[in-house]
Amino acid sequence: MTDKAAQGQGTGGGAAQEVGAKGPDELRRQIERTRSELGDTVEELAGKMDVKGRARARAADLRDKAGAMTVQLRSSAAHAGHLMQERASHAGHAVQDKASHAGHLVQDKATHAGHLVQDKAARSGHTAQDKATRAGHTLEHRAEHAVPWPARPVVQAAIRHPRPALVIGAAVGLVVVVAWRYPRK
């Protein structure tokens with residue numbers, strides 16, 4: 001008898017405790033049931049004895065676990081990569097914002113310094129213009145009162161109209177240079 005039949009006899013169960021057959025049909029059913037149980041038992045024993053088959057099943061199971069772990073590791077690595085990319089992007093934007101802010105500060109300071117220099121240059125220009133105006137007035141006053149009579153009207157005309165006086169002066173200077181450089185023989 002099998003283990004299952006032996007266990008059934010000791011427990012006092014109803015269907016498993018059939019000891020004798022009550023007829024030829026009943027006997028045939030018991031034989032079929034016993035053959036089926038015996039076949040299952042033989043398959044279990046063959047499975048336990050088939051080391052190669054068990055090793056293949058174990059290898060297939062390990063391959064499945066390794067594949068699942070590979071997928072999980074790839075997913076984890078991809079997730080970690082996305083997190084690092086996001087963090088790097090955030091850090092890059094923070095650095096860019098700080099650099100932009102620093103650039104604006106430098107630009108503001110440079111603009112302020114430029115305005116200061118421009119104001120000083122304007123003041124210096126006004127001061128120089130005032131001094132030149134005063135010097136011109138002083139020269140005009142001297143020309144009117146310190147120059148002798150025959151030259152006084154010419155000097156006054158040159159002061160009132162400086163451009164023609166400069167052109168005439170340049171022409172006279174050119175004539176003097178040419179006369180000195182190329183004397184008549």
Side-chain angles (χ1 to χ4, degrees), residues 1-136 162-163 166 170:
M1 290 184 117
T2 63
D3 291 335
K4 292 179 186 175
Q7 289 174 353
Q9 286 179 353
T11 59
Q17 223 179 28
E18 298 175 25
V19 179
K22 296 182 181 177
D25 291 333
E26 182 69 28
L27 185 60
R28 283 188 193 111
R29 276 183 273 166
Q30 282 182 357
I31 290 171
E32 284 300 317
R33 189 171 46 242
T34 304
R35 280 183 185 163
S36 174
E37 290 174 2
L38 184 60
D40 292 342
T41 305
V42 169
E43 282 182 26
E44 286 179 24
L45 288 174
K48 289 182 180 179
M49 295 303 292
D50 186 17
V51 176
K52 204 178 219 183
R54 285 186 8 209
R56 284 184 189 144
R58 179 76 173 142
D61 186 40
L62 289 175
R63 264 193 304 264
D64 291 343
K65 285 183 180 178
M69 190 172 287
T70 301
V71 169
Q72 184 181 4
L73 286 175
R74 284 182 181 167
S75 174
S76 297
H79 182 67
H82 289 300
L83 282 177
M84 292 308 295
Q85 183 181 10
E86 186 178 318
R87 287 181 182 166
S89 175
H90 180 68
H93 287 300
V95 168
Q96 186 179 12
D97 290 344
K98 286 183 181 178
S100 175
H101 182 67
H104 288 301
L105 286 176
V106 168
Q107 185 180 11
D108 290 344
K109 288 183 180 181
T111 302
H112 182 67
H115 286 300
L116 289 176
V117 168
Q118 185 179 11
D119 290 344
K120 285 184 180 180
R123 274 187 255 129
S124 298
H126 288 304
T127 304
Q129 187 178 11
D130 290 344
K131 286 182 181 179
T133 302
R134 273 188 260 126
R163 193 171 291 157
L166 287 174

Check: T111 side chain, Q107 main-chain N or O, donor-acceptor pair, under 3.5 Å: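 Answer holds: yes.
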Any donor-acceptor N/O pair, S75 side chain to V71 backbone, under 3.5 Å: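 Between the backbone of V71 and the side chain of S75 there is no qualifying donor-acceptor contact (under 3.5 Å).
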Full working for side chain to side chain contact (heavy atoms under 4.5 Å, CB included) between K52 and R56: CA-CA 6 Å; K52 204 178 219 183; R56 284 184 189 144; 3.6 Å; yes
Spatial distance of atom CD1 (I31) from atom CG (L38) [nearest 0.5 Å]: 12.5 Å
Donor-acceptor pairs under 3.5 Å, side chain of residues 124-134 to any protein atom, not counting sequence neighbours: which ones?
from: S124; atom 1: OG; to: K120; atom 2: O; distance (Å): 3.0
from: T127; atom 1: OG1; to: R123; atom 2: O; distance (Å): 2.8
from: T133; atom 1: OG1; to: Q129; atom 2: O; distance (Å): 2.8

Suppose we screen for side-chain contact (heavy atoms from CB on, under 4.5 Å). Which residues come up paired with [X], at least two apart in sequence or across chains?
X   : result
Q96 : H93
H79 : L83
R28 : P24, D25
E32 : R35

Results of side-chain hydrogen bond (donor to acceptor under 3.5 Å, both in side chains) for D119 - residues two or more places apart only: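 D119 satisfies side-chain hydrogen bond (donor to acceptor under 3.5 Å, both in side chains) with no residue once adjacent residues are dropped.
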